[in-house]
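Numbered from 1 within each chain, the chains take letters A, B, ... in sequence-line order.
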Amino acid sequence: MIPDKFLKPYDPTSTEDRIYALWEKSGFFNPDKLPERNKKGEPFSIVLPPPNVTGVLHMGSALMLAIEDIMVRYARMKGKQTLWIPGTDHAAIATQAVVEKDIQRKEDKSRHDLGREEMLRRIGTHVQTTHDIIVSQMRKMGASIDWSREAFTLDDKRNLAVRTAFKKMYDDGLIYRGYRVVNWDPKGQTTISDDEIVYETRKTKLYTFRYSKDIPISISTTRPETKLGDTAIAVNPDDPRYKKYIGEEFDAVFAGEPIHLKVIADASVELEFGTGALGVTPAHSIADWEMAQRHSLPLKQVINEYAKMTVGLDGIKDKKTTEAREAVVDWLKKEGLLEKEEDIEHNISLAERTGGIVEPLPKLQWFVAVNREFKREGVTFTLKQLMTRVVETDQVQFIPDRFRDVYHHWIGSLRDWCISRQIWYGHRIPVWYKNQEIYVGVEAPKGNDWIQDEDTLDTWFSSGLWTFSTLGWPDEKEFNINRKYHPTTILETGSDIIFFWVARMILMSTYLLDEVPFKTVYLHGLVRDGKGRKISKSLGNNIDPLEMIIKYGADAVRMALIVAVGPGNDSKVDEQKIKAYKLFSNKIWNIARFILSATENVKYSAEFSEWSDTDKKHIEVLNDLIKEITSEMDEYKFYLVGEKLYHYVWHEFADKIIEESKSIIDGTDEKVKNSRIQFLFYALRAILRLLHPFMPFVTEEIWREVGKSKSLLMVEEWPRY
RNA sequence: GCGCCCUUAGCUCAGUUGGUAGAGCAACCCAUUUACACUGGGAAGGUCAGGAGUUCGAAUCUCUUAGGGCGCACCA
């Protein structure tokens, strides 16, 4: 008798949690507990890109989990010693910003009202809640991940890894403290790295004016308020208009502020832009600061951390830069110095996490030097060279490979990485100060008077260590046990974090371990709505993966996300597509029902060989498919495999083979009938195994009836051909 | 300014050493208590963005034009 449940449509909700519990109980998520076949197999390892503990999972995370679980389940069925390490990311700025905002809204308090300790306690509570939700969502997706090794980017072990890495880089001269113009986010009250800036094109005005009637050179700027901090006028050395002024010095009182300007020649000045002369503001522009370094110009700060002016006339001093700008323009008009006002479009820099307008400010911060040379075994390297070399020599390969060019292009223009943040949530910088002394160490120095640096590290500093900090590094004993899993086999992640994360992992791993963090990088794109639009709150086009799982099952959601979406491409997902794969789950269910009832009193025989001619052909077609699919799986072409399986199962196997089986089974030719029944067994067993990485729940549930044994489909052998 | 990518059936996309165009969805016609809370059968639909070149042969290689997306840089 076939079970009653097959008489009803496939019901994912009553199945999935039960199946997941079975898998977990089996222990097979942990490579140490896999069957002998796998223990002897080659290692396959992958880390989960740790989701931020800022909120719940979105479709992008669901896509990531689907692809990675396909890779992992396939590897496991191929007999590999398969490890998938889970974790979550503390996402320093992002998380603190979310909690701060929440407290501001509910209690009208700032973090300074609460104090460092209380604020961290509040964040901790928030993080625990979101962490638990995220983890339960990963289970719902069917992720066959080793929960016994779960890590957090801010837990004790990872903190030790961070301190160890920092110390080593400091000793090698690759981490330094420097007074430089950095990207300051006035809204988040912290510095941010170049990569944490997003650009937005806005219309603005370009003003052309003179500092005073006595200065013969006019300049153009979009930010007149910063001109109170100018210390030079720069012109192109070949500009005939200004050659005669080079080296001259002028004094003026600009909007109430005395300024002293030296005319300098710098090749970076374009002759065509504006008047061909520019006011140099070393304290409030990274480009000007670099120019000031070249010409030994003084630096004069006129804007503070709150983006307010610190000098100038009434109506300028203590005002926000935006207000001060208008006041300076009014002053220029009144003095008759303004010559031109034009509308132009230009990019403004926004802090990615807070949306604040980035204000370049001179600050004492910690940096990773990417161009500084260091010695390793007698050979001189820079971090940039290490990062470039491993990709050039194909020690790390990109899928799709065009990202290799993108990666190199980014490295080409890479500047020193500012890693200190003035926020509280994160890894505290392992540096202590006492009077004029400085101590950098893995552990705090002995003695009482040492005060630890107040700042925390960029969240990507700890993320960069992820492939090996999760395997126990720097604890030698633990890392040695896990040594076979590093370099990891593959990294699967979103193409949007190739610089943030992929590049930083390559940096940290090549520097600290002298080996790559992964051999292959598989990049997926953005998940968009059915119309190809970005998912956004304002459009209200968000599709909640959990809601879809409840409605259509995780198998359907997984298939909808991966079919027909090649690596690196954005995917379009709408409810209709998910629904179509729910119907497919049901189709598989009914195929099983038909075969189970047709073969009810017959035993499956693996050695059966008396195939009818038609069945021989069917076997051939199926084997060709298996062969094709297997090589495509090895090439990570899941988007093709999913589609091919769908097509074969539905339109070849169900529509043709099962249809013709009806008359064969009702017929009188026992030999043909027998052959067909054995073939149905054979094909169903193959189909379930082939589909399992893609649709693990429904296939496992059917396998329990078909396999007629207690063995789990998840550790069955991938079909041979 | 530098770099990457895209333009194939109404829609979403495959098409990997160059060999007379494919799938899913949608739309159309017909059938159907069927293993199928639906499904089956059928037919229709494309000068592969435009142009030039290489070739016996180009959706596929080269150049070019147009449109679109993205990244980096600049942002006086």
Ignoring hydrogens, what is the shortest heavy-atom contact between A:Leu523 and A:Pro400? Give both atom names and the distance. O-CD, 4.2 Å
Using a heavy-atom cut-off of under 4.0 Å over every strand shown, decide if A:Arg415 touches base, sugar-phosphate, or nothing. sugar-phosphate
At 4.0 Å (heavy atoms only), tell me whether A:Ile219 reaches a base, stays on the sugar-phosphate, or touches nothing. nothing
Candidate nucleotides B:rC74, B:rG71, B:rG41, ranked by approach to the side chain of A:His409 - the nearest: B:rG71
Mutual orientation of the aromatic rings belonging to A:Tyr211 and A:Phe209 [parallel < 30°, tilted 30-60°, perpendicular > 60°]: perpendicular
Determine the contact category for A:Phe403: base if any of its heavy atoms lies under 4.0 Å from a base atom, sugar-phosphate if only primed atoms, P, OP1 or OP2 are that close, otherwise nothing. nothing
Contact class for A:Asp288 (heavy atom, under 4.0 Å): base, sugar-phosphate, or nothing? nothing
For a quick test of reading the model: is some side-chain N or O of A:Lys644 closer than 4.0 Å to OP1 or OP2 of B:rA23? no
Return the nearest nucleotide to the side chain of A:Ala287; candidates are B:rA37, B:rC75, B:rA35. B:rC75
Side chain of A:Asp655, heavy atoms from C-beta onward: which of B:rA35, B:rC25, B:rG40 has the nearest atom to it? B:rG40
What is the nucleic acid contact for A:Tyr199, judged by heavy atoms within less than 4.0 Å: base, sugar-phosphate only, or nothing? base
Looking only at the side chain of A:Ile658 (C-beta and beyond, no hydrogens), which of the listed nucleotides B:rG15, B:rA73, B:rA35 gets closest? B:rA35
Could you please name the option among B:rC4, B:rA23, B:rA35 that lies closest to any side-chain atom of A:His647? B:rA23
Per the under-4.0 Å heavy-atom filter, residues of residues 572-587 of chain A near RNA chain B come out as A:Lys572, A:Gln576, A:Leu583, A:Asn586, A:Lys587
Mind checking A:Leu206 for me? I need base, sugar-phosphate or nothing, with any heavy atom below 4.0 Å counting as a touch. sugar-phosphate
Taking the P atom in each of B:rG69 and B:rU12, what is the distance between them to the nearest angstrom? 15 Å
To the side chain of A:Asn569, which of B:rA14, B:rA35, B:rU39 is closest? B:rA14
Determine the contact category for A:Thr222: base if any of its heavy atoms lies under 4.0 Å from a base atom, sugar-phosphate if only primed atoms, P, OP1 or OP2 are that close, otherwise nothing. sugar-phosphate
Please confirm whether the shortest side-chain N or O distance from A:His408 to OP1 or OP2 of B:rC4 is below 4.0 Å. no
